[in-house]
Trainee: 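Got a structure for you, written out below as structure tokens; questions coming shortly.
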Amino acid sequence: QVQLAESGGGLVQAGGSLRLSCAASGRTFSSYAMGWFRQAPGKEREFVAAISRSGTTYYADSVKGRFTISRDSAKNTVYLQMDSLKPEDPAVHYCAAANLYYSRISYYPSAYAYWGQGTQVTVSS
């Protein structure tokens, strides 16, 4: 098992940047594919980005070209660099871990067994 803790959320103006961090503890971080999801009030959880154990990345169309997911296995941490934030981006952002094969990723929340508590991102207009 693995425990996840997000940090780095906050208030930012439209067009600004934030970097979210997800620190993992427990099982070896490299054993999991990692994903970022977000959920706005009254809406379903939305896929944002994912990275496989091998480093393959995938992004939702809404954030492609603006967000970057990366991982540092030595520090047991996954990052989400968020640039050019838009008013539709505000949400609670969740880090998640999935027990997938080496090169596999998933954009389905049900594939992820472990979740952090979330960190709020608010974009002012």
Trainee: Which residues pass the salt bridge (charged side-chain N to carboxylate O under 4.0 Å, His left out) test with Lys64, sequence neighbours left out?
Mentor: Asp61
Trainee: Is there a path of hydrophobic side-chain contacts, each under 4.5 Å between heavy atoms of I, L, V, M, F, W or Y residues, that connects Tyr108 with Tyr58?
Mentor: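 Yes, same cluster.
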Trainee: So, taking the atom named CD in Glu46 and the one named CZ in Arg38, what distance separates them when rounded to the nearest 0.5 Å?
Mentor: 4.5 Å
Trainee: Using 0.5 Å steps for rounding, measure from the CG atom of Asn76 to the CG atom of Leu4.
Mentor: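 Output value for this atom pair is 10.5 Å.
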Trainee: So Val12 and Met82, do their side chains get closer than 4.5 Å, heavy atoms only?
Mentor: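 The answer is no; the side chains never approach within 4.5 Å.
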Trainee: Do the side chains of Cys95 and Trp115 get nearer than 4.5 Å, heavy atoms only?
Mentor: no
Trainee: Closest approach of Ala50 and Ser106, non-hydrogen atoms and distance?
Mentor: CB-O, 3.9 Å
Trainee: Can you find a pair of side-chain heavy atoms, one from Ser124 and one from Leu11, that are under 4.5 Å apart?
Mentor: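 They are in contact (side-chain heavy atoms under 4.5 Å apart), so the answer is yes.
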Trainee: Rounded to the nearest 0.5 Å, what's the gap from NZ on Lys86 to OG on Ser125? Could you check?
Mentor: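 Spacing of NZ (Lys86) from OG (Ser125) equals 15.0 Å.
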Trainee: Rounded to the nearest 0.5 Å, what's the gap from CG on Leu80 to OH on Tyr59? Could you check?
Mentor: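 Atom-to-atom, Leu80:CG and Tyr59:OH are 8.0 Å apart.
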Trainee: Taking all non-hydrogen atoms of both residues, which atom of Val2 and which atom of Ala24 are closest, and how far apart?
Mentor: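 Looks like CG2-CB, 3.8 Å.
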Trainee: Would you say the side-chain atoms of Arg19 pair up with the backbone N or O of Gln81, donor to acceptor, closer than 3.5 Å?
Mentor: no
Trainee: Where is the tightest heavy-atom contact between Ser52 and Ala33, given as atom of each residue plus distance?
Mentor: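 Heavy atoms of Ser52 and Ala33 come nearest at CA-CB, 4.1 Å.
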Trainee: Hydrophobic cluster mates of Tyr79, side-chain heavy atoms under 4.5 angstrom, ILVMFWY only, any path?
Mentor: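 Traced through the cluster, Tyr79 reaches no other member.
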Trainee: So Phe37 and Val92, do their side chains get closer than 4.5 Å, heavy atoms only?
Mentor: no
Trainee: Decide whether Leu18 and Trp36 are clustered together by the hydrophobic rule: side chain heavy atoms of Ile, Leu, Val, Met, Phe, Trp, Tyr closer than 4.5 Å, transitively.
Mentor: yes
Trainee: Does any N or O in the side chain of Gln39 come within less than 3.5 Å of the main-chain N or O of Ala91, such that one atom is a donor and the other an acceptor?
Mentor: no
Trainee: For the backbone of Cys22 and the side chain of Glu6, can you confirm whether one donor and one acceptor N or O come within less than 3.5 Å of each other?
Mentor: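 Judged by distance alone, no pair lies under 3.5 Å.
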Trainee: Please report the closest heavy-atom contact between Ile69 and Val78, naming both atoms and the distance.
Mentor: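 Shortest heavy-atom contact: CG1-CG2, 4.0 Å.
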Trainee: Are any non-hydrogen side-chain atoms of Tyr112 and Tyr94 less than 4.5 angstrom apart?
Mentor: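 No. Closest side-chain heavy atoms not under 4.5 Å.
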Trainee: To the nearest 0.5 angstrom, please state how far the CZ atom of Phe67 sits from the OG1 atom of Thr57.
Mentor: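 That separation rounds to 14.5 Å.
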Trainee: Under the salt bridge (Lys or Arg N to Asp or Glu O under 4.0 Å) definition, can you give me all pairs with a residue in residues 66-83, not counting sequence neighbours?
Mentor: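 Salt bridge (Lys or Arg N to Asp or Glu O under 4.0 Å) check on residues 66-83 returns Arg66-Asp89.
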Trainee: How about CD on Gln117, more than 12 heavy atoms from neighbouring residues, nucleotides or ligands closer than 6.0 Å, or not?
Mentor: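 Above 12, so yes.
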Trainee: Are more than 12 heavy atoms, taken from residues, nucleotides or ligands other than Tyr114, located less than 6.0 Å from that residue's OH atom?
Mentor: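 Above 12, so yes.
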Trainee: In this structure, are over 12 heavy atoms from other groups packed under 6.0 Å from Gln13 atom CD?
Mentor: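 No, because the 6.0 Å sphere around CD of Gln13 holds 12 heavy atoms or fewer from other groups.
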Trainee: Mind checking whether Met34 and Leu100 sit in one hydrophobic cluster, side chains of I, L, V, M, F, W, Y counted as touching below 4.5 Å?
Mentor: no
